[in-house]
Structures are given as structure tokens and as C-alpha cells.
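Inspection log for the structure reproduced underneath, given as C-alpha cells.
No experiment lies behind these values; they were computed from the predicted model shown.
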Amino acid sequence: MARLRVSWFCMMLFLLTSLVLAQTQGDDDDYDDAFAPEPSPSDDGSPAPVADDMEAPARAPAPVTEAAPSSGEERRALVPALFAFGDSLIDSGNNNRLFSFAKANYLPYGIDFGGPTGRFSNAYTILDQIGDLLGLPLLPPYSKIFNVDKMRFGVNYASAAAGILDITGFHFVERIPFSYQIKNFENTLVSLIKNMSAPIVEEAIPKCIFFVGMGSNDYLNNYIMPAYFTQDEYTPQKFAELLVHQYKEQLIKLYDLGARKFIIAGIGQMGCIPFLLAESSNGECSEIVNQMVHPFNAKLKTMIMKLNKSELPGAHFIFLDMENMFKDIFTNYKSYGFSVTDRGCCGSGKNKGEVTCLPMQTPCPNRDDYLFWDAYHPTSAVNLLLGDMAFYGGPNFTFPMNIQQLATL
């Protein structure tokens with residue numbers, strides 16, 4: 001069986017870089033809720049500026065360079081609220097207050113947003129675009145929720161370095177695994193019920209959409225990392241079975257809490273990110289990694305089909321085929337307006353992927369030409385495009401329906 005682990009050198013270089021970022025970037029505030037199992041030490045760093053209350057992204061698949069102030073006009077939302085669970089692909093600041101090496105609360109992150117927020121992007125994430133297309137404002141991160149009014153359109157619980165498995169990402173120290181994100185959603189429900197009454201909340205929650213995008217870190221920061229010995233215990237097939245089994249139990253927990261409309265995002269072409277391109281001797285995507293991840297996507301789609309049939313009455317699950325979406329973008333990148341596919345816009349080393357984006361580092365000026373913002377994450381332009389694909393796409397991208405159709409159910 002072919003095995004792949006990222007090199008010890010790259011891992012140590014990455015961790016040393018992360019340690020510098022964690023020591024130089026921090027947030028004075030702390031919050032006591034469900035997060036990584038260890039208690040959080042205090043962080044003496046100065047808080048990075050955080051851009052709040054910014055306008056939702058433009059609907060065209062191009063980066064938004066300025067966030068105009070809200071007009072104050074009430075937009076017609078397709079659903080009451082959107083609740084999101086995931087990792088750094090959609091995290092909007094939940095890690096800012098954790099003692100974690102996985103943070104993006106410093107420039108040049110957010111350079112096209114008006115300032116850093118904790119998003120691992122130059123501006124927006126796929127979640128921001130989906131929320132906008134649903135007619136909702138940008139979701140606040142759970143760590144910044146202070147009153148019911150702020151959470152009435154939904155909450156983002158996503159945490160960088162989080163996984164389906166609680167142990168995933170432990171080398172980043174604190175993070176909020178999916179199981180703990182669900183606990184934070186339970187806390188939100190308690191607050192909503194206290195302020196709005198149980199009948200109102202129980203009627204509204206089934207009409208809301210629940211976006212869940214987990215699994216990437218279970219591979220990138222677990223299965224292929226030398227600090228973990230998961231490959232010695234599981235074949236790719238068995239590991240995918242382990243993840244999907246745990247994932248199913250977690251999704252059922254959300255169902256038991258009232259969720260009925262689910263968007264489940266698969267994993268994209270992980271072997272093509274700059275961090276792994278930098279490991280390649282020929283500069284091409286790692287097909288070993290892509291083939292490792294494929295069983296997870298296939299089993300996840302099958303699990304969703306079964307859940308839709310009869311296992312969870314009244315539930316509607318859609319699968320976002322991120323693998324096919326990224327294949328389409330890589331194949332047709334020129335027609336989508338991109339020209340740089342093999343390196344990050346902000347980073348250092350080979351393919352700008354050996355060391356991720358550092359504080360105050362100068363990124364590429366032509367960010368809308370790039371597929372990747374840093375060593376791991378897409379640019380805002382790609383995220384907006386992915387959001388459009390998920391919202392309007394056909395069965396090759398969204399199964400058995402798209403988000404627009406799910407919202408009307």
C-alpha cells in the first residue's frame with residue numbers, strides 16, 4: 001500500500017512558524033465555552049484589528065476589495081438563519097481567542113476585507129457567499145456572540161485545525177473539534193430559548209440551514225502527519241470508514257437538536273494545495289493524497305443518500321462535491337479568469353507553500369488571478385466561485401439538489 005507522510009522538516013518548519021505567529025498575535029479576550037479539551041492559558045499578545053459588521057460579499061465570482069457600510073435595508077432571506085460548523089476554510093474568528101497556533105487575525109489576511117477577522121483568506125469564504133445568496137448577513141463567530149440579536153440570523157462555530165476526530169490538530173494546541181462545536185450550538189439553543197421561548201425556537205430551527213464542512217484536517221493534520229501514527233493503524237479505506245461513522249453520529253446529534261436542512265461539504269483536491277505541491281519533486285499534484293481522500297468523499301456521499309431515504313424522517317441532506325468542483329476549476333481555470341494555479345499568493349519557499357503567510361508579509365498584487373491565497377486555502381475569488389457553484393450548481397457539484405432548492409423546501 002502506498003503511504004505518504006509530509007516530511008519531518010516541513011512539519012517542524014511549519015510548527016516553528018506557527019509558534020512565532022502564536023506568540024506575536026493574540027487576543028486579550030477569552031471565553032469559556034466548549035473548545036479543545038485543555039484549559040486556555042492567558043495570551044499576552046496585543047489584539048489584531050478585527051473588521052466587524054462588514055457588508056456581505058458581491059455575488060459575482062470575483063474578490064471584493066472594499067466592504068461598503070450596510071444600507072440598513074432589510075433583505076428578504078430565504079431561510080430564518082444559517083448555522084455553520086467546520087475548519088479554517090470557513091472559520092471567521094473563533095480561534096482568535098484561543099491559545100492556538102492556527103490563527104489568521106493578522107495582516108495580510110483580510111487585506112481585501114478591510115482588515116483581518118480570523119478568516120484564512122484575503123477576504124471572503126465560501127460560507128460568506130452562501131449566506132449572501134440566502135439573503136443573510138455575515139455570520140458572527142460564536143466567540144463574539146454577546147446577545148440574541150447578534151445570533152438571530154445564525155452563528156459560525158467553525159475552528160481552524162478542527163476535525164471530525166477530537167485528536168485531530170492537537171499539535172496546534174487549542175482548537176474546537178466538531179463535537180465541541182455541537183456543544184456550542186447547544187449553548188446557543190439554550191440562550192435562544194431563554195430569550196425567545198421554546199415554541200418559537202422549536203418552530204424556526206427546522207427551517208434553518210446547517211452547513212457542515214469537516215474532514216480536511218483529519219487528513220492534512222492527522223493521517224499524513226508524521227506526529228500521528230494513523231497510517232500504521234488504518235488503510236485509507238478503513239480510515240474513511242472511521243471518519244464517516246463518527247461523522248454520522250455527530251450529524252444525528254444535530255438532527256436530535258432540531259436540524260433538518262443540511263449542507264455537507266466534501267473534501268477538495270487536497271493533493272493540489274501549495275503545501276503539498278512543495279513536497280512534490282515534479283511540481284504536480286500528489287495523486288497519492290488525492291486517492292487517500294477519495295474514499296472519504298465516496299463514503300460520505302453514500303451515507304448522505306441513506307440518511308435522505310429513511311433513517312432520519314423529515315431531514316434533507318445535500319452533498320457538496322468539492323472534489324468535482326475543484327477538478328472543474330483546475331481544468332477550466334482560464335475560463336474562470338484565473339492564471340496562477342500552482343502556488344500561493346502569500347507564503348514562502350517552493351510554490352509559496354513551505355511556510356504559510358506571515359504577519360505583514362507582502363502578498364501578490366494580482367490576487368484575483370490566483371487559485372490559492374496561502375499554502376492551504378483558496379483565494380476569495382475562488383471561494384465566491386465555489387459559493388455560486390454550491391448554490392446554483394447541477395448534480396455534478398451538488399447532490400441530490402443545490403442550496404437554492406434546499407432553501408425552498
> Which residue pairs satisfy the side-chain hydrogen bond (donor to acceptor under 3.5 Å, both in side chains) criterion with at least one member in residues 256-276, sequence neighbours excluded?
Replying inline: none
>> Is there a side-chain hydrogen bond (donor to acceptor under 3.5 Å, both in side chains) between Tyr157 and Thr188? Walk through the geometry before answering.
In response: CA-CA 10 Å; Tyr157 304 92; Thr188 298; 2.8 Å; yes
>> Considering only residues two or more places apart or on different chains, which pairs with a residue in residues 84-93 satisfy side-chain hydrogen bond (donor to acceptor under 3.5 Å, both in side chains)?
In response: Ser88-His377, Ser92-Asn156
>> Do Leu98 and Ile176 make a side-chain contact, defined as non-hydrogen atoms from C-beta onward lying under 4.5 Å apart?
In response: yes
>> Once you measure the plane-to-plane angle for Phe372 and Phe330, does it fall in the parallel (<30°), tilted (30-60°) or perpendicular (>60°) bin?
In response: tilted
> Out of Leu78, Leu134, Leu136, which residue meets the side-chain contact (heavy atoms from CB on, under 4.5 Å) rule with Ile209?
Replying inline: Leu134
>> Tell me whether Glu354 contacts the main-chain N or O of Lys350 through its side chain, where contact means a donor paired with an acceptor under 3.5 Å.
In response: yes
> Does a side-chain heavy-atom distance below 4.5 Å link Asn187 with Tyr142?
Replying inline: yes
> Are any side-chain N or O atoms of Ser286 and backbone N or O atoms of Val289, one a donor and one an acceptor, separated by less than 3.5 Å?
Replying inline: yes
> Would you call Phe317 and Val212 a side-chain contact if the rule is heavy atoms closer than 4.5 Å?
Replying inline: no
>> Is the shortest side-chain heavy-atom distance between Arg343 and Leu277 below 4.5 Å?
In response: no
>> With a 3.5 Å distance limit and no angle check, can you tell me whether Ser100 reaches the backbone of Asn96 through a side-chain donor-acceptor pair?
In response: no
> Under the 3.5 angstrom rule, does the side chain of Asp374 hit a backbone N or O of Gly347 as a donor-acceptor pair?
Replying inline: no
> Checking Gln181 side chain against Gly86 main chain: does a donor-acceptor pair fall under 3.5 Å?
Replying inline: yes
> Among Asn221, Asn217, Thr230, Asn222, whose side chain to side chain donor-acceptor pair (under 3.5 Å) with Thr168 holds?
Replying inline: Asn222
>> Could you check whether any side-chain N or O of Asn195 sits under 3.5 Å from a backbone N or O of Val148, counting only pairs where one atom can act as donor and the other as acceptor?
In response: no
>> Once you measure the plane-to-plane angle for Tyr106 and Tyr109, does it fall in the parallel (<30°), tilted (30-60°) or perpendicular (>60°) bin?
In response: perpendicular
>> Would the distance check show the side chain of Asn332 and the main-chain N or O of Ser335 forming a donor-acceptor pair, the cut-off being under 3.5 Å?
In response: no
> Would Ser380 and Asn122 count as a side-chain hydrogen bond (donor to acceptor under 3.5 Å, both in side chains) if you check the C-alpha gap in whole Å, the side-chain angles of each, and the deciding distance to 0.1 Å?
Replying inline: CA-CA 6 Å; Ser380 181; Asn122 55 304; 4.8 Å; no
For residues 201-208, run the donor-acceptor check on the side chains, cut-off 3.5 Å, and write out each pair with its distance to 0.1 Å, sequence neighbours left out.
none

> Is the closest side-chain heavy-atom distance between Ile182 and Leu257 below 4.5 Å?
Replying inline: yes
> For the residue pair Ile90 and Phe85, what are the closest heavy atoms and their distance?
Replying inline: CD1-O, 3.7 Å
> Between Cys272 and Cys285, is the SG-SG gap under 2.5 Å?
Replying inline: yes
> So, Phe239 versus Tyr219, ring centres under 6.0 angstrom or not?
Replying inline: yes
> Where do Leu220 and Phe275 land on the side-chain contact (heavy atoms from CB on, under 4.5 Å) test, with the steps shown first?
Replying inline: CA-CA 10 Å; Leu220 190 59; Phe275 178 69; 4.2 Å; yes
> Is the side chain of Asn95 donor-acceptor paired with the backbone N or O of Lys103 at a distance under 3.5 Å, no angle test?
Replying inline: no
>> Please evaluate residues Tyr228 and Phe170 with respect to the criterion ring-ring contact (aromatic ring centres under 6.0 Å, His included), reporting the C-alpha separation (whole Å), side-chain torsions for both, the decisive distance (0.1 Å), and the verdict.
In response: CA-CA 10 Å; Tyr228 301 76; Phe170 80 86; 4.8 Å; yes
> Considering all heavy atoms of both residues, which atom of Ala84 and which atom of Leu127 are nearest to each other, and what is their separation?
Replying inline: CB-CD2, 3.4 Å
> Hey, mind stepping through Lys238 and Glu241 against salt bridge (charged side-chain N to carboxylate O under 4.0 Å, His left out) and telling me if it holds?
Replying inline: CA-CA 5 Å; Lys238 290 297 183 182; Glu241 289 175 8; 3.7 Å; yes
> Which atoms form the tightest heavy-atom contact between Ile167 and Arg175, and what is the distance?
Replying inline: O-NH2, 3.6 Å
>> Looking at every non-hydrogen atom in both residues, tell me the closest pair between Gln231 and Ile224 and how far apart they are.
In response: NE2-CA, 3.6 Å
>> To the closest 0.5 Å, what do you measure between OG1 (Thr379) and CG (Leu371)?
In response: 6.5 Å
>> Using disulfide bond (SG atoms under 2.5 Å apart), reason through Cys364 and Cys345 one step at a time and then give a plain yes or no.
In response: CA-CA 5 Å; Cys364 64; Cys345 171; 2.0 Å; yes
> Picking from Asn105, Asn383, Thr125, Asp128, what satisfies side chain to side chain donor-acceptor pair (under 3.5 Å) with Arg119?
Replying inline: Asp128
> Where do Met151 and Ser191 come nearest, in terms of heavy atoms and distance?
Replying inline: CE-CB, 4.3 Å
>> Per the salt bridge (charged side-chain N to carboxylate O under 4.0 Å, His left out) rule, what does the pair list look like for residues 301-311, sequence neighbours excluded?
In response: Lys248-Glu311
>> Using 0.5 Å steps for rounding, measure from the CH2 atom of Trp373 to the OG1 atom of Thr356.
In response: 9.5 Å
> Does some side-chain heavy atom of Thr302 sit less than 4.5 Å from a side-chain heavy atom of Val244?
Replying inline: no
> For the ring pair Phe83 and Phe210, is the centre-to-centre distance below 6.0 Å?
Replying inline: yes
> Would you say Ile193 has more than 12 foreign heavy atoms packed within less than 6.0 Å of its CD1?
Replying inline: yes
>> Could you tell me if the side chain of Gln361 sits less than 4.5 Å from the side chain of Cys346, heavy atoms only?
In response: yes
> What do the steps show when you test Lys253 against Glu249 for salt bridge (charged side-chain N to carboxylate O under 4.0 Å, His left out), and what is the final call?
Replying inline: CA-CA 6 Å; Lys253 176 64 175 178; Glu249 296 302 312; over 6 Å; no
For a quick test of your reading: what N or O donor-acceptor pairs under 3.5 Å do the side chains of residues 395-409 make, sequence neighbours left out?
unit_1	atom_1	unit_2	atom_2	d
Thr398	OG1	Gly393	O	3.3
Thr398	OG1	Gly394	O	3.4
Thr398	OG1	Met401	O	3.2
Asn402	OD1	Gln404	N	3.2
Asn402	OD1	Gln405	N	2.8
Asn402	ND2	Tyr392	O	3.4
Asn402	ND2	Gly393	O	3.2
Gln405	OE1	Asn402	N	2.9
Thr408	OG1	Gln405	O	2.7

>> If the condition is side-chain hydrogen bond (donor to acceptor under 3.5 Å, both in side chains), which residues does Gln237 pass it with, not counting sequence neighbours?
In response: Lys299
>> Tell me whether Glu323 contacts the main-chain N or O of His294 through its side chain, where contact means a donor paired with an acceptor under 3.5 Å.
In response: no
>> What I'd like to find out is whether the side chain of Tyr370 reaches to under 4.5 Å of the side chain of Arg367, using heavy atoms alone.
In response: no
>> Please report whether the ring centroid of Tyr223 lies less than 6.0 Å from that of Tyr234.
In response: no
> Which pair of heavy atoms, one from Cys357 and one from Pro108, lies closest together, and at what distance?
Replying inline: SG-CG, 3.3 Å
> Sub-3.5 Å donor-acceptor pair from the side chain of Asn94 to the main-chain atoms of Ala158, do we have one?
Replying inline: yes
